[in-house]
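None of the values given here were measured: they were computed from a predicted structure.
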Amino acid sequence: MADRPAPVDLTTAGAAAPEGAVTFRPLGTADLPMLAAWLAEPHVRRWWNHETSPEAIDRDFGPAMRGEEPAEDLVASVGGTPVGLLQRCRWHDYPEYVEEIAPILQVPAGAVSIDYLIGPPELTGRGLGPRIIAAAVQGVWQRYPEATAIIVPVCAANRASWRALESAGFRRVASGDLVPDNPVDPPHHHVHRIDREEPPCHP
Ligand SMILES: CC(C)(COP(=O)(O)OP(=O)(O)OC[C@H]1O[C@@H](n2cnc3c(N)ncnc32)[C@H](O)[C@@H]1OP(=O)(O)O)[C@@H](O)C(=O)NCCC(=O)NCCS
């Protein structure tokens with residue numbers, strides 16, 4: 001397909017952080033083995049805590065991929081090379097999460113949340129995450145015209161994640177207890193937010 005870049009082996013030693021524009025496209029069936037491999041990487045498994053069997057991947061990602069769920073899963077590419085996953089959803093499409101976070105933060109109508117991962121471990125810690133997140137923010141404003149805020153809770157122990165949000169222009173607006181994705185973590189979370197009227201940040 002024209003919008004599918006040729007596969008690039010990012011597992012080769014010394015792979016540099018790819019240059020170029022950050023783009024997103026919907027996750028497709030052909031991407032699932034790549035996604036499973038990313039989720040199995042220790043630095044991702046540590047926080048996402050996903051099962052990676054084909055059945056589990058289909059259970060967790062199939063419904064959104066088939067449009068049976070309102071959340072969206074997107075492959076993030078840099079310069080045409082797939083490097084990670086971006087999830088986005090409207091908070092109020094998942095009322096149970098709005099209810100869970102209510103003691104910490106009142107989620108405004110139309111607000112969106114994102115989640116993300118960089119698959120190849122050698123591409124982390126190089127500032128790629130903030131670039132992907134900053135591009136994701138612009139994508140949210142375009143995709144959800146009614147959204148005025150993006151609100152992202154992050155396990156407080158995942159410093160790389162909330163620092164990447166801050167580098168992309170988010171600010172911490174609350175902290176409190178939420179159920180962690182990985183039960184080994186304590187429930188303490190930080191909640192980060194960016195508003196539509198804030199100037200775009202291009203790290
Ligand atoms: C979270 C993630 C997207 C951040 O992207 P990134 O490209 O690594 O972000 P950066 O390179 O800007 O690093 C962010 C900060 O974390 C630090 N950091 C990054 N990786 C780290 C690591 N493995 N151990 C310790 N610190 C790390 C960086 O030094 C930087 O700190 P600074 O802002 O004080 O300089 C990426 O690390 C990742 O995919 N992690 C696994 C999945 C995950 O945790 N997803 C988020 C779930 S909420």
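Counting heavy-atom neighbours within 6.0 Å of E146 CD, excluding the residue itself, gives a total above 12.
Residues E72 and P26 are not in side-chain contact: their nearest non-hydrogen atoms beyond the backbone lie 4.5 Å or more apart. Looking at heavy atoms from C-beta onward, N49 lies out of side-chain contact with P180 at the 4.5 angstrom threshold. Using a 4.5 Å heavy-atom threshold, the side chains of R163 and P130 count as separate. A 4.5 Å side-chain heavy-atom check between W47 and L117 finds every atom pair outside the cut-off.
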Quiz prompt | Verdict with reasoning, E100 to Y94, per side chain to side chain donor-acceptor pair (under 3.5 Å) | solution = CA-CA 10 Å; E100 186 196 3; Y94 296 86; over 6 Å; no
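Screening H190, R171, H192 for a side-chain hydrogen bond (donor to acceptor under 3.5 Å, both in side chains) with E166, the sole residue that qualifies is H192.
Cluster annotation: L178 is connected to V173 through the hydrophobic network of ILVMFWY side chains, with a link wherever side-chain heavy atoms come within less than 4.5 Å. Following chains of ILVMFWY side-chain contacts shorter than 4.5 Å, one can reach L74 starting from Y144, so the two form part of one hydrophobic cluster.
Counting only distance, with no hydrogens or angles, the side chain of N182 and the backbone of V184 share a donor-acceptor pair below 3.5 Å. Of the possible polar contacts, none joining the H50 side chain to the V44 backbone as a donor-acceptor pair under 3.5 Å is found. Between the side chain of W48 and the backbone N or O of Y116, at least one donor-acceptor pair lies under 3.5 Å.
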